[in-house]
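Input: a single structure, listed below in structure tokens.
Please read all numbers here as calculations on a predicted model, not as lab measurements. Within every chain, numbering begins at 1; the chains are lettered A, B, ... in the order of the sequence lines, protein sequences first and strands thereafter.
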Number of protein chains: 2
Amino acid sequence: MHTEDFISIMIHQTDLKLTSFIKEELRVFNLTPEQNLIMMLLWEEDGRTQNDIARKLQKDKTNVARMASQLEKKQFVRRAAGTQDQRAVQLFMTDEGRELQEKVRPAAERFNAAVTKGISRNELTALEQTLAKINKNVSESLREE
Amino acid sequence: MHTEDFISIMIHQTDLKLTSFIKEELRVFNLTPEQNLIMMLLWEEDGRTQNDIARKLQKDKTNVARMASQLEKKQFVRRAAGTQDQRAVQLFMTDEGRELQEKVRPAAERFNAAVTKGISRNELTALEQTLAKINKNVSESLREE
DNA sequence: AGGAAATAGTTGCTATGCATACTAAATTCA
DNA sequence: TGAATTTAGTATGCATAGCAACTATTTCCT
């Protein structure tokens, strides 16, 4: 078996390529790919807590804190202590953050279309299902340790 | 379209999970996932240059240089200026690096088996083909910019 | 031959990912 | 009720990913 035959390596390299492309696409909006993920969640529902976002994105809370801090610096979001739970930090879009949505969402759709060009709906579904199986396998392997 | 519906996000999250798992598996060998990729290439062919490795792994030469430096510190490889091309740096396994192979390769095969459990040969081939299409699409999008 | 362009590496910067250790607030439960 | 536990965040350190700018060779081309 050769290095490039491991499926995890192929997935990794595809991901790197995608990330690199998305990074380039988002540069004009002054957003990094991960910062964009947070913004996308906020556009769906404003006022989410960092913890909520970390769970949704399956990310470490440390990273979410850092990214939220960056987004605050860029003035796309405002951070405020939670109303019910004083420990929580809620993220609220600023006007500037809201304006971004109008520009970024179409770009994301366009990008998604470019990536999936020539790939049928069935093929995409199959891809999603196989990735889901891999996810499940890894989760189960982790639990067994 | 929701955040989690973009295929690139699903690939990204699967990759993160896989990387996290591999990192854990390799910890006992004092290897990180990316350092392991370099070792795997050297086990296939000793004396590769950093540039060769960067191309094979589709990685930035900066990273390869740094990872090679780490591997040298851990005494798994030795670095030497290329014989023909004085600019190039070739990586050679040490005895310790060679010994690693006996332990790591079986672990990698075992891990790959765990990840692909319950996924048919056909399904895996389909996954590879779809990922290849995505790779191609991204490459072409990048060229058009 | 010799200057221009390409190539291989290195260093420094920013952003991420994840682990550990810590604080403070909320919840559980004896 | 009040101590123990859980939960949300923060700080720090290491490994990775990629960009930009730089040096040192090598190759190309006139």
Side-chain angles (χ1 to χ4, degrees), chain A residues 9 12-27 29-39 47-74 79-91 142, chain B residues 9 12-27 29-38 47-74 79-91 138 142:
Chain A
I9 293 178
H12 186 54
Q13 299 200 335
T14 304
D15 177 48
L16 286 181
K17 207 159 192 168
L18 282 167
T19 302
S20 177
F21 182 33
I22 296 174
K23 191 174 172 187
E24 187 56 35
E25 294 284 303
L26 291 176
R27 188 187 303 279
F29 303 120
N30 190 22
L31 274 180
T32 64
E34 309 298 329
Q35 286 164 16
N36 180 49
L37 289 183
I38 293 184
M39 292 310 291
R48 289 184 195 263
T49 66
Q50 291 187 179
N51 191 48
D52 182 22
I53 289 168
R55 239 181 312 107
K56 279 264 178 191
L57 298 180
Q58 296 176 55
K59 281 190 193 308
D60 192 273
K61 54 189 176 167
T62 311
N63 300 321
V64 173
R66 262 195 300 230
M67 294 185 281
S69 167
Q70 295 295 322
L71 287 171
E72 194 180 33
K73 237 186 254 169
K74 292 178 182 179
R79 295 206 282 178
T83 42
Q84 302 102 329
D85 191 334
Q86 283 292 312
R87 296 169 305 179
V89 172
Q90 284 181 281
L91 302 187
L142 285 172
Chain B
I9 294 178
H12 186 55
Q13 298 201 335
T14 304
D15 177 48
L16 285 179
K17 208 159 191 168
L18 281 168
T19 302
S20 176
F21 182 33
I22 297 175
K23 190 175 173 185
E24 188 56 36
E25 295 284 305
L26 291 176
R27 189 187 303 279
F29 303 119
N30 189 24
L31 274 181
T32 64
E34 310 298 329
Q35 287 163 17
N36 180 49
L37 289 183
I38 293 183
R48 290 185 195 263
T49 65
Q50 292 186 179
N51 192 48
D52 182 22
I53 290 168
R55 239 181 312 108
K56 279 264 178 191
L57 298 180
Q58 298 177 54
K59 281 189 192 309
D60 192 272
K61 55 189 177 166
T62 311
N63 301 320
V64 173
R66 270 191 285 245
M67 292 185 279
S69 168
Q70 295 294 322
L71 286 172
E72 194 179 34
K73 237 186 254 167
K74 293 179 181 178
R79 295 206 282 178
T83 43
Q84 302 102 330
D85 191 336
Q86 284 292 313
R87 295 169 305 180
V89 172
Q90 283 181 280
L91 301 186
V138 173
L142 285 172

Review point. Are B:Lys74 and B:Asn30 close enough that some pair of their side-chain heavy atoms sits under 4.5 Å apart?
Key: yes
Review point. Mapping A:Arg27 and A:Val89 onto DNA chain D by nearest heavy atom, which one lands closer to the 5' end?
Key: A:Val89
Study note, to complete from the structure: Contact check, residues 58-66 of chain B vs DNA chain D, heavy-atom distance under 4.0 Å, returns B:Lys59, B:Asp60, B:Thr62, B:Asn63, B:Arg66
Point to revise | Distance, rounded to the nearest Å, where A:Leu31 contributes CG and C:dA15 contributes C1' | key: 13 Å
Check your understanding: Relative to the 5' end of DNA chain C, which residue comes earlier, A:Lys74 or A:Gln86, by the nucleotide with the nearest heavy atom?
Key -> A:Lys74
Point to revise | Shortest non-hydrogen contact from A:Pro33 toward A:Thr19 | key: CG-O, 4.1 Å
Revision key, fill the gap. In this structure, CD of A:Glu34 is separated from CE of A:Met67 (nearest 0.5 Å) by 6.0 Å
Could you list all N or O pairs between the protein and nucleotides 1-7 of chain C that sit under 3.5 Å apart?
unit_1 : atom_1 : unit_2  : atom_2 : d
C:dT7  : O2     : B:Arg87 : NH1    : 2.5

Study note, to complete from the structure: Taken to the nearest whole Å, CD1/B:Ile53 to P/C:dT10 is 12 Å
Exercise for review: To the nearest 0.5 Å, tell me how far A:Gln70 CD sits from A:Asn63 CG.
Suggested key: 11.5 Å
Check your understanding: Counting just side-chain N and O atoms, does B:His12 come under 4.0 Å of either OP1 or OP2 of C:dG17?
Key -> yes
Point to revise | Nearest-Å distance for atom pair CD1/P, residues A:Ile22 and D:dC19 | key: 14 Å
Check your understanding: Given atom CG of A:Leu26 and atom C1' of C:dA15, what is their separation to the nearest angstrom?
Key -> 13 Å
Exercise for review: Just call it for B:Thr49: base, sugar-phosphate, or nothing, with non-hydrogen atoms closer than 4.0 Å on any strand.
Suggested key: sugar-phosphate
Exercise for review: Figure out the CD/P separation between B:Gln13 and C:dC18, and round it to whole Å.
Suggested key: 10 Å
Check your understanding: Would A:Leu18 and B:His12 count as a side chain to side chain contact (heavy atoms under 4.5 Å, CB included) if you check the C-alpha gap in whole Å, the side-chain angles of each, and the deciding distance to 0.1 Å?
Key -> CA-CA 8 Å; A:Leu18 282 167; B:His12 186 55; over 6 Å; no
**Study point:** Contact under 4.0 Å: A:Gln50 side-chain N or O vs D:dT10 OP1/OP2
**Key:** yes
Review point. Between A:Arg79 and D:dT10, is there a side-chain N or O to OP1/OP2 distance below 4.0 Å?
Key: yes
Check your understanding: Just checking, any donor-acceptor pair under 3.5 angstrom between side chains of A:Thr49 and A:Asn51?
Key -> no
Practice item. May I have the distance from A:Met67 (atom CE) to D:dT10 (atom C1'), rounded to whole angstrom? Key: 14 Å
Practice item. Please examine the side chains of B:Leu57 and A:Ile9, heavy atoms only from C-beta on, and report whether any two atoms are closer than 4.5 Å. Key: no
Revision key, fill the gap. Rounded to whole Å, the CD-C1' distance (B:Glu24 to C:dT20) equals 14 Å
Check your understanding: Rounded to whole angstrom units, what separation is found between the CG atom of A:Asp15 and the C1' atom of C:dT16?
Key -> 12 Å
Point to revise | A:Gln84 side-chain N/O to C:dA26 phosphate OP1/OP2 under 4.0 Å | key: no
Practice item. Apply side chain to side chain contact (heavy atoms under 4.5 Å, CB included) to the pair B:Lys59 and B:Leu37, showing each step before the final yes or no. Key: CA-CA 11 Å; B:Lys59 281 189 192 309; B:Leu37 289 183; 4.3 Å; yes
Point to revise | Interatomic spacing from CG in A:Leu91 to CD1 in A:Ile38 - rounded to 0.5 Å | key: 6.5 Å
